[in-house]
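This report refers to the structure that appears directly beneath it.
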Amino acid sequence: MKIYNTLSGRKEEFAPADGKTVKMYVCGVTPYAPAHVGHAMSYTFFDAVRRYLEFLGYSVVHVQNFTDIDDKIIERAARAEVDPAKLAERYIAEFYDEMDSLNIRRASLYPRATEELPTIVDMIQGLIDKGYAYPANGDVYFRVRKKDGYGSLARRTLEGMLAGARIEPSSHKEHPMDFALWKGAKKGEPEWPSPWGPGRPGWHIECSAMCHHHLGETIDIHGGGQDLIFPHHENEIAQSESYTGAKPFVRFWMHNGLVQLGEEKMSKSLGILVTVKDALQKFSPDALRLFFLSSYYRSPLKFSEESVEAAERGAQRLRSAASIEGQGTGPDLDSDPYRRRFVEAMDDDFNTPQAIAALFDLARQVNRAFDEGRRFDEAQSTLRELAEVLGLTLRGLESGTQADIAPFVDLLVEMRGELRKAKQFELADSIRARLQALGVTVEDTAQGGRWRKG
RNA sequence: GGCGACGUAGCCAAGUGGUAAGGCGGAGGUCUGCAAAACCUCUAUACGGCGGUUCGAUUCCGCCCGUCGCCUCCA
């Protein structure tokens with residue numbers, strides 16, 4: 001299959017370095033606020049990446065970090081007068097819950113910055129020893145000019161960056177673009193001991209350290225949002241390659257486009273966002289996933305309720321095709337052409353929009369086979385299988401915490417069937433309308449009434 | 001100012017050097033007591049604008065307009 005590599009700017013043939021196991025690292029969140037749909041989109045996409053790679057027969061080691069110590073956490077915790085670690089812990093728990101709700105499979109490992117201090121300190125020391133970093137005034141900085149090719153991921157040069165003129169000069173830095181590996185602690189801040197004095201790790205070093213610690217010197221895929229390309233991923237490359245001497249640090253860099261709300265990027269710090277929690281209250285997980293995966297992952301995606309509502313109706317159509325019962329005896333529906341289209345689309349840099357198009361076409365064929373009295377069990381299971389590769393459950397809305405209403409609704413639907421037979425249509429229609437008002441849709445088929453929630 | 005991305009039907013959104021997937025919506029039809037669902041047919045003389053290359057461009061190149069992102073924390 002082919003994957004677009006940000007580093008080369010081209011689609012390249014992909015296979016894991018060892019031929020079997022894909023080492024994949026996806027940048028996680030800084031848990032200081034609720035997750036928004038931009039996070040949901042990114043992690044949904046990388047979940048689909050992982051599922052598809054496994055579908056191809058690879059095993060995938062998927063590592064995703066939590067940046068559980070950082071300026072924002074300290075700031076928020078101070079304002080709320082809680083312990084920074086507690087604050088982070090709370091948002092991490094929320095994050096797990098929400099990602100589970102979105103049917104995003106758990107990563108193989110979720111390392112946290114605060115649990116990687118020894119690795120981080122070792123790496124910083126190693127960088128100092130090799131001349132790539134220098135302590136200054138309790139901080140430690142990376143010497144950007146020492147790293148060949150710094151800026152190549154972002155396609156920038158040091159000169160170009162300086163032209164931005166938005167860089168705050170720091171008297172302790174040798175070069176304005178040098179970045180912190182270690183930040184000396186100020187009074188009252190959380191701190192860890194180090195050879196350079198008490199402090200905490202800089203933002204970029206944790207990812208380098210975790211990658212190295214858990215996945216080795218070279219990993220197959222490193223993913224994240226496009227907003228991480230610079231400076232975060234650029235700096236990761238600089239740190240990791242300088243430390244290990246191994247090139248490349250990452251074989252395939254993958255970056256998803258950003259979710260926009262209205263005309264702007266969704267952003268935690270700017271407060272422009274729709275939280276995952278809010279979205280899940282309005283829409284089914286399948287609808288959100290279908291919405292996310294209906295556009296190519298590298299393009300920006302505009303979030304709008306109308307678009308997700310459209311996806312909700314589409315999801316319902318897929319669900320219904322995946323769950324109809326009562327196949328006939330005519331010739332089998334052959335789903336191979338649809339499977340091929342799906343695979344071909346996904347092989348082309350995870351072209352999920354086209355893969356989804358194949359799913360909709362297959363769903364139509366299943367419905368047709370039903371109408372024509374043909375067999376479709378194999379096609380239907382293909383539909384479910386491929387949907388699952390994208391992480392779509394195609395399950396109906398669950399009844400939630402309520403006791404199971406099924407026997408009672410069944411009874412009403414059955415009684416209504418009797419009324420219809422007796423041509424008591426007014427009463428039958430009234431039952432249907434009242435069930436609808438309670439959130440149960442009743443449909444009449446040749447085999448009698450059937451119902452679903454929603 | 002520098003770097004990058006994008007601009008396709010009412011809306012969302014793929015894609016190709018030789019006249020445009022899919023979804024939602026809409027119109028008509030089949031089925032139905034009605035409705036819903038499902039299925040069938042239709043719904044972009046053409047892909048921001050202007051030039052260029054080409055037998056031929058929406059697809060390549062240049063310029064312009066518009067939108068967005070990054071350059072500072074950010075999936």
Side-chain angles (χ1 to χ4, degrees), chain A residues 6 9 26-30 32-33 35-46 64 67 70-72 75 151 154-157 159-168 177 203 223-232 234 255-260 263-270 273 290-291 294-296 298-302 304 306-318 320-321 324 341 345 348 351-361 363-372 420 423-426 428-429 432-433 436 441-446 449-450 452:
Chain A
T6 306
V26 179
C27 278
V29 294
T30 302
Y32 72 89
H36 62 243
V37 296
H39 300 116
M41 181 272 212
S42 184
Y43 299 133
T44 295
F45 170 69
F46 283 106
Q64 181 164 339
T67 303
D70 139 293
D71 293 353
K72 288 238 166 52
E75 192 184 297
R155 295 192 169 64
R156 284 174 206 180
T157 60
E159 296 70 51
M161 295 175 206
L162 289 174
R166 283 217 262 166
I167 299 143
E168 287 186 21
M177 293 309 294
W203 174 37
Q226 284 172 349
D227 51 353
L228 297 181
I229 294 173
F230 193 89
H232 187 54
E234 191 72 58
H255 293 98
N256 61 270
L258 304 176
V259 176
Q260 295 169 214
E263 295 305 318
E264 281 183 274
K265 179 183 79 163
M266 235 180 246
S267 160
K268 266 200 291 199
S269 51
L270 296 175
L273 51 80
L290 200 58
F291 167 67
S294 284
S295 84
Y296 184 45
R298 291 199 293 123
S299 306
L301 179 63
K302 253 184 249 162
S304 75
E306 300 74 60
S307 294
V308 190
E309 277 160 12
E312 188 78 83
R313 286 186 282 268
Q316 184 52 44
R317 206 149 81 75
L318 292 178
S320 127
I324 48 170
R341 267 175 65 195
D348 183 15
N351 194 326
T352 52
Q354 295 224 41
I356 287 169
L359 253 39
F360 273 104
D361 284 342
R364 170 174 292 111
Q365 294 309 318
V366 167
N367 284 323
R368 266 183 89 146
F370 173 82
D371 287 348
E372 291 167 1
R420 290 183 64 227
K423 311 251 186 247
Q424 304 258 10
F425 295 123
E426 265 186 44
D429 289 352
R432 183 172 62 196
Q436 183 71 70
T441 301
V442 179
E443 291 166 3
D444 297 322
T445 73
R450 75 176 173 185
R452 63 164 195 274

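Hydrogens, waters and symmetry mates are skipped; everything else that's a heavy atom, side chains included, is used. Every chain is numbered from 1 and lettered A, B, ... according to where its sequence line falls, protein lines coming before strand lines. Fair warning: this is a prediction, and the values are worked out from it, not measured in the lab.
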For [N], give the paired nucleotide (Watson-Crick: N1-N3 plus N6-O4 or O6-N4; G-U: N1-O2 and O6-N3; both under 3.5 Å), or none.
N	result
A46(B)	none
A38(B)	U30(B)
G1(B)	C71(B)
G7(B)	C65(B)
A21(B)	none
U54(B)	none

Select base, sugar-phosphate, or nothing to describe what [X] touches, counting heavy atoms under 4.0 Å on all strands.
X	value
D71(A)	nothing
G223(A)	nothing
Y296(A)	sugar-phosphate
Y43(A)	sugar-phosphate

### Query
How far apart are the C-alpha atoms of R432(A) and D429(A), what are their side-chain angles, what is the distance that settles it, and do they pass the side chain to side chain contact (heavy atoms under 4.5 Å, CB included) test?
CA-CA 5 Å; R432(A) 183 172 62 196; D429(A) 289 352; 3.4 Å; yes
Roughly, in whole Å, what's the span from [atom1] in [X] to [atom2] in [N]?
X	N	atom1	atom2	result
H255(A)	C6(B)	NE2	C1'	18 Å
L258(A)	U67(B)	CG	P	19 Å
F230(A)	A75(B)	CZ	C1'	18 Å
E372(A)	C40(B)	CD	C1'	11 Å
I229(A)	G4(B)	CD1	P	12 Å
I356(A)	G22(B)	CD1	P	14 Å
L228(A)	G4(B)	CG	P	20 Å
Q64(A)	A75(B)	CD	C1'	9 Å

[atom1] atom, [N] versus [M]: distance in rounded Å?
N	M	atom1	answer
C12(B)	A35(B)	C1'	28 Å
G69(B)	U58(B)	P	30 Å
G28(B)	U19(B)	P	33 Å
A14(B)	A9(B)	C1'	14 Å
C73(B)	A13(B)	C1'	32 Å
G4(B)	U8(B)	P	22 Å
G26(B)	A37(B)	P	10 Å
A46(B)	A57(B)	P	15 Å

### Task
Could you tell me whether a side-chain N or O of E234(A) sits under 3.5 Å from a main-chain N or O of G151(A), the two making a donor and an acceptor?
yes
### Query
Can any side-chain N or O of D348(A) pair as donor or acceptor with the backbone N or O of N351(A) at less than 3.5 Å?
no
### Query
Mind checking what makes side-chain hydrogen bond (donor to acceptor under 3.5 Å, both in side chains) contact with E309(A), not counting sequence neighbours?
none
Check whether any side-chain N or O of [X] sits under 4.0 Å from OP1 or OP2 of [N], and answer yes or no.
X	N	result
S299(A)	A14(B)	yes
N367(A)	C39(B)	yes
R450(A)	A37(B)	no

[atom1]/[X] to [atom2]/[Y] distance, rounded to the nearest 0.5 angstrom?
X	Y	atom1	atom2	result
T67(A)	K72(A)	OG1	NZ	11.5 Å
F45(A)	S295(A)	CZ	OG	10.5 Å
M177(A)	E159(A)	CE	CD	11.0 Å
L290(A)	Q316(A)	CG	CD	12.0 Å
Q436(A)	T441(A)	CD	OG1	4.0 Å

Among [options], which nucleotide sits nearest the side chain of [X]?
X	options	answer
T30(A)	A75(B), G15(B), C71(B)	A75(B)
K72(A)	C70(B), A14(B), C73(B)	C73(B)
R368(A)	A38(B), C39(B), A75(B)	C39(B)

## Note on the structure
Ranking D70(A) and A154(A) by the position along RNA chain B of their nearest nucleotide, the one closer to 5' is A154(A)
### Message
Here's a test of your reading of the structure: between G225(A) and D371(A), which maps to the more 5' nucleotide of RNA chain B?
### Response
D371(A)
### Query
Run the salt bridge (Lys or Arg N to Asp or Glu O under 4.0 Å) check on R368(A) and D371(A) step by step: do they pass?
CA-CA 5 Å; R368(A) 266 183 89 146; D371(A) 287 348; over 6 Å; no
### Summary
With sugar-phosphate taken as primed atoms, P, OP1 and OP2 and all else as base, the protein-contact string of nucleotides 23-36 of chain B at under 4.0 Å (heavy atoms; B, S, -) is SSS-------BBBB
